[in-house]
Amino acid sequence: MTSTAVSSRSEHRSFCRICAALCGIVVTVDGDQVVQVRGDPEHPFSRGYTCPKGRALGAWHHHPDRLDHPQVRRDGVLTRVSWDECLDDLAGRVASVVEESGPDAVGMFLATATSFDGPGGRVAHGLLSGLGSRSRYTALTIDTPCRPLVYDLMAGFPGLLPALDHDLTTLTVLVGTNPVVSHGHSHGMPDPVQRLRALSAGDKEVWVLDPRRTETAALATRHLAVRPGGDHAVLAHVLAELLGPGGGADAAYLAEHADGVDELRRAVAPFTRAHAAAVSGLSREQLADLVAAVRRHGRLVVQTGTGSTMSAEANITEWLAVALQVVTHSYEQPGGAWFHPGFLKCLDRRTIRPSGPEPDPVPGPASRPDLAGRYGELPCAGLVDEIEAGNLRALFVVGGNPATSLPEPARLMAALGRLDVLAVADVVATETVAAATHVLPCAGQLERADVPDYVDQYMLVVASQHTAAVVAPGAERRPLWWSMAALGQRLGIATLPSGIQLETCTDDDLLAAYSRRARRPLEELRATDGVLVDEGPVRGWVEQGVLPEGRWRLAPTVLVAQLTSLTSLTSHASLVEGPPLPAAATLEMIPRRQLRTMNSQLRDAAAPGGRTERGAVQLHPDDAGRLGIADGSAVLVASASGETAGTAVLDDSLRPGVVSVPHGWTDPHVGALTSATRGVDPLTGMVLQSGVPVTVRPA
Ligand SMILES: Nc1nc2c(c(=O)[nH]1)N[C@H]1C(S)=C(S)[C@@H](COP(=O)(O)OP(=O)(O)OC[C@H]3O[C@@H](n4cnc5c(=O)[nH]c(N)nc54)[C@H](O)[C@@H]3O)O[C@H]1N2
Ligand SMILES: Nc1nc2c(c(=O)[nH]1)N[C@H]1C(S)=C(S)[C@@H](COP(=O)(O)OP(=O)(O)OC[C@H]3O[C@@H](n4cnc5c(=O)[nH]c(N)nc54)[C@H](O)[C@@H]3O)O[C@H]1N2
Ligand code: SF4
Ligand SMILES: [Mo]
């Protein structure tokens, strides 16, 4: 990282850690004031691009509600205390809970910001493991648990992350993802408009399946305005065609590298053109065109996003998307997706022992026998029951805001209020911080050194970058790793790598330790001014080193069974139990991201001269007209689980019958419409957040 002094000002190269695009930024600092954040034109991936969130980093850093001091709740009031007082008190209470109720009574919710804080995330996870608690909750189970499940079942390893090959891919199919706004789901897409233009230039094509004509759809070759929850039918139909007499599947490859071809063919057989059209809401011509495009290109990349991963059909859609890429022999081939091994993780150089064909989940939370635990964590859907049942008595919230991100907010907030300990590590005061017993003020992203760690596999190629802290931590803020390690020390739990002492440890000491098995040592990364590219797409390691005997499992039994139970239903809405909603008035609610916020973050922080955003209830004008709702008017949205108030915005980019409500807000609070029990996926515990039947009426 370079620093150039211009009078009292200095410029620092860094990278933005709000979202997975990890754009290169140049931060102008005057004394301790962050005066400007702009895109770094020399960054090879973002090429000078930033979005309004990145440019608002200065406003975020100087936010009036920044947490400056540790606090402890005394006589009902959050009170400023010293770090020693806070950590001593917290350690004492956590130790008592463990002694009285066992380690599982202490839980942790590790969410979005932890993914962008390498050392903080690792030490926090280490503290929970050191306590011996299995009460680990992360944002994975309210986002995309279908992906690890499906790769575990089909490839024997849950940790695979497919990446687009931006140079060689000629057919990209995006299902329920809007990278122009989100900048990618489980992969980063910096500078998305230019990248999508390149992906659809000349003979290349981008197809978008989305009930909304999104910013991404507007740039695509074709937009298919699929009905919410209809994606699996589209993919099943394409597979049925490719595996049928018309062909298109790579039979020689399948014979050598796949099991379950016949079972897959049988499972997708019901999805004739007529049936797929009825379920997906697309025309037969649109389906025929997609089949023809897949045959024309031979290979393709399918990327799914939250529109499909939060739906009742999530596992099926993910499975069929993977199957389509296997059947066309797309994976690890030029033009198809490659699997990102990570610069730090180096998965391609590790020995991976594949799991068996039906990997057993571990039991879920004690109060929710219907839920399973997987991949070292419990589903967020069980969190509120665990607190209500008294099983969970102390909760750490690390880089998350469950008050806005989890279902059933009224019930959740009441439960959080009953905890013996609610320790919240954050950078600003949030709705969750307001309910805390202990507040741990964290150094924000400009106040700490870092390299991409959890998001290591989200980079465009196998690459990494180091940033030093741009400014020193203000007030009494400390890096997350420090507070977690200091607490561990009080509880007798070692959380730092061996040989590192808390008293002298720096961010870079930890980064160096965590980089020991990386593709290049931290020293080399630090010496690089910007991004260090190690290699481009790495192909072949999954087929050779991960797949059990080099073979994909195309038809996992549990997924075939789930598809069978779906196809026997006329509408996926009937999957949701509870009192039926009046049919004529029922709309289907879908999620969406907004450009100026990251979940609940930056709701009230804007770049200089920029603006902030609000959460609105988007409706199609035809539906609004029928329901007597005017643009900008107050509405009430209700589901079988609850009701929330919001402001209607009429938007003809939506498919009629669909209402789009973003999360991260308290007005509307979309969590009031979702449920911790109704419609929860039986395999993953995923909360149904896409395709939720709702009614909307004037307030
Ligand atoms: N600006 C911004 N960027 C973000 C975030 C943010 O809050 N703001 N959040 C970050 C996080 S945590 C995540 S997980 C990622 C998510 O990244 P994405 O998954 O790309 O999220 P969205 O941009 O909401 O795109 C989801 C799309 O799915 C569509 N959709 C809804 N239901 C269905 C359906 O049933 N079928 C289909 N085919 N489409 C459907 C919606 O209309 C929407 O356009 O974004 C990350 N990036
Ligand atoms: N109905 C519905 N619900 C949803 C979704 C949806 O689409 N619909 N989306 C889901 C998804 S995909 C996700 S990922 C979750 C998001 O759920 P959360 O992760 O709980 O949500 P965020 O608002 O991103 O919370 C991040 C918190 O980290 C804090 N923070 C920022 N920087 C730092 C830092 O450097 N250190 C620390 N310690 N904290 C920091 C922020 O102030 C904020 O309070 O919500 C989920 N909930
Ligand atoms: S897209 Fe925006 S929020 Fe994401 S890394 Fe780039 S500047 Fe930051
Ligand atoms: Mo997410």
Side-chain angles (χ1 to χ4, degrees), residues 14-25 37-40 43 45-46 49-57 60 111-113 115-116 138-144 173-192 208-217 223-232 234-235 280-282 303-314 317 400 405 445 452 455 458 572 588-603 607 613 615 618 653-655 658-664 689-692:
S14 182
F15 64 95
C16 176
R17 283 154 281 163
I18 296 173
C19 90
L22 305 173
C23 297
I25 51 175
V37 177
R38 59 187 169 84
D40 176 1
H43 195 279
F45 304 150
S46 56
Y49 172 88
T50 49
C51 83
K53 296 182 293 304
R55 298 194 294 275
L57 269 174
W60 185 235
T112 304
S115 310
F116 296 96
T138 81
L140 174 73
T141 54
I142 41 167
D143 179 337
T144 313
V173 179
L174 302 176
V175 182
T177 176
N178 183 15
V180 172
V181 169
S182 69
H183 299 87
H185 180 264
S186 304
H187 67 281
M189 201 188 285
D191 197 9
V208 172
L209 273 73
D210 199 306
R212 223 189 114 222
R213 192 176 64 250
T214 58
E215 299 77 358
T216 302
H223 169 222
L224 305 182
V226 64
R227 173 181 293 159
D231 304 296
H232 70 288
V234 178
L235 298 174
S280 68
L282 299 178
Q303 295 270 11
T304 58
T306 49
S308 80
T309 66
M310 295 179 171
S311 72
E313 301 76 11
T317 303
S405 59
Q445 61 169 286
V455 286
Y458 292 33
H572 79 285
E588 288 187 290
M589 184 192 72
I590 59 167
R592 75 168 187 278
R593 319 275 128 184
Q594 296 170 282
L595 187 61
R596 289 177 169 76
T597 54
M598 173 72 176
N599 307 323
S600 73
Q601 303 175 62
L602 298 154
R603 283 172 291 184
E613 221 160 23
Q618 287 180 342
S653 68
L654 282 169
R655 186 189 157 90
V658 170
V659 48
S660 169
V661 187
H663 69 296
Q689 294 173 161
S690 178
V692 181

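First listed ligand is number 1; within each ligand, the first listed atom is number 1.
- Distance from atom 16 (C) of ligand 1 to its nearest protein heavy atom, with residue and atom name: His185 CD2, 3.5 Å.
- Looking only at side-chain heavy atoms (C-beta outward), Ile18 and Leu57 come within less than 4.5 Å of each other.
- With a heavy-atom cut-off of 4.0 Å, Leu595 touches ligand 1 through its backbone alone.
- Using a 4.0 Å cut-off between heavy atoms, Gln594 contacts ligand 1 through its backbone alone, with no side-chain atom that close.
- With sequence neighbours excluded, no residue satisfies salt bridge (Lys or Arg N to Asp or Glu O under 4.0 Å) with Asp210.
- Interface of Ile590 with ligand 1, defined as ligand atoms under 4.0 Å from a residue heavy atom, comprises 31 (C), 32 (N), 42 (O).
- Heavy atoms of Gly229 come nearer than 4.0 angstrom to ligand 1 in at least one pair.
- Close contacts between ligand 1 and Val226 involve ligand atoms 38 (N) [criterion: under 4.0 Å to a heavy atom].
- Under 4.0 Å from ligand 1, heavy atoms of Thr177 appear from its side chain as well as its backbone.
- For atom 14 (S) of ligand 1, the nearest non-hydrogen atom of the protein is Asp143 OD2, 2.9 Å.
- Partners of Arg655 by salt bridge (Lys or Arg N to Asp or Glu O under 4.0 Å), not counting sequence neighbours: none found.
- Remark: ligand 1 and Val181 share an N or O pair separated by less than 3.5 Å (distance only, no angle test).
- Taking CG of Leu174 as the reference point, atom NE2 of His223 lies at 11.0 Å (rounded to 0.5 Å).
- The shortest N or O to N or O distance between Gly176 and ligand 1 is under 3.5 Å.
- Within the 3.5 Å criterion, the main-chain N or O of Val226 finds no donor-acceptor partner in the side chain of Ser280.
- Counting only heavy atoms of the protein, atom 8 (N) of ligand 1 lies nearest to Thr597 O, 2.6 Å.
- Of the N or O atoms in Asp231, one or more lie within a sub-3.5 Å distance of an N or O in ligand 1.
- Within the 4.5 Å cutoff, the side chain of Leu602 has no heavy atoms near those of the Arg596 side chain.
- Annotation: Thr306 places an N or O atom under 3.5 Å from an N or O atom of ligand 1; distance criterion only.
- Residues Gln689 and Pro591 are not in side-chain contact: their nearest non-hydrogen atoms beyond the backbone lie 4.5 Å or more apart.
- Taken to the nearest 0.5 Å, the CG atom of Asp191 stands 8.0 Å off from the SG atom of Cys23.
- Side-chain contact, Arg592 with Ser660: a donor N or O sits under 3.5 Å from an acceptor N or O.
- Residues Ser182 and His185 bring no donor and acceptor atom of their side chains to less than 3.5 Å of each other.
- Considering CD of Gln445 and CZ of Phe15, their distance stands at 8.5 Å, rounded to 0.5 Å.
- Proximity of Lys53 to ligand 1 is established by a heavy-atom distance of less than 4.0 Å.
- Between Pro228 and Glu588, the shortest heavy-atom distance links the atoms CD-OE1, 3.9 Å.
- Any N or O atom pair closer than 3.5 Å counts here, and Arg593 shares at least one such pair with ligand 1.
- Nearest non-hydrogen protein atom to atom 10 (C) of ligand 1 is Met598 CE, 3.6 Å.
- Looking at atom 40 (C) of ligand 1, its nearest protein heavy atom turns out to be Pro211 CD, 3.2 Å.
- Separation of atoms NE2 (His183) and SG (Cys51) is listed at 5.0 Å; rounding is to 0.5 Å.
- Residue contact check for ligand 1: Pro591 places a non-hydrogen atom closer than 4.0 Å to it.
- The minimum heavy-atom distance between Ser600 and Arg603, with the atom names listed, is O-NE, 2.8 Å.
- Among all heavy-atom pairs drawn from Ala20 and Tyr458, the shortest one is CB-CD2, 3.3 Å.
- Side-chain contact of Thr112 with Asn599: a donor-acceptor pair under 3.5 Å is present, judged by distance alone.
- Considering both main-chain and side-chain atoms, Thr112 never comes within under 3.5 Å of ligand 1 through any nitrogen or oxygen pair.
- At least one heavy atom of Thr214 sits under 4.0 Å from some atom of ligand 1.
- With respect to atom 44 (O) of ligand 1, the closest heavy atom belonging to the protein is Asp210 OD2, 2.6 Å.
- One finds the NZ atom of Lys53 at 7.5 Å from the CE atom of Met598 (value rounded to the nearest 0.5 Å).
- Checking only distances, Asn178 does come within under 3.5 Å of ligand 1, N or O to N or O.
- The shortest N or O to N or O distance between His183 and ligand 1 is not under 3.5 Å.
- Remark: ligand 1 atoms within the under-4.0 Å shell around heavy atoms of Gly305 are 19 (O).
- Protein heavy atom closest to atom 34 (C) of ligand 1, with residue, atom name and distance, is Gly307 O, 3.3 Å.
- Checked against a 3.5 angstrom limit, the closest N/O atoms of Asn599 and ligand 1 fall inside it.
- Under the 3.5 Å distance criterion, the side-chain polar atoms of Thr216 are matched with a main-chain donor or acceptor of Val180.
- For Thr50, the side chain to side chain donor-acceptor pair (under 3.5 Å) criterion is met by Arg55, not counting sequence neighbours.
- Ser311 contributes no side-chain N or O that, together with a main-chain N or O of Ser690, makes up a donor-acceptor pair within less than 3.5 Å.
- Taking distance alone, with nitrogen or oxygen atoms compared against 3.5 Å, Leu209 approaches ligand 1 more closely than that limit.
- Counting only distances under 2.8 Å, and ignoring water, the protein N, O or S atoms around atom 6 (Fe) of ligand 3 are Cys23 SG.
- Every atom of ligand 1 is numbered from 1 in the order shown, and the set under 4.0 Å from a heavy atom of Arg592 is 24 (O).
- The protein heavy-atom contact nearest to atom 32 (N) of ligand 1 is Ser690 OG, 3.0 Å.
- Between Gly305 and Thr177, the shortest heavy-atom contact is CA-CB, 3.7 Å.
- In this structure, of Ala139, Ser182, Gly230, the residue bringing a heavy atom nearest to atom 3 (N) of ligand 1 is Ser182.
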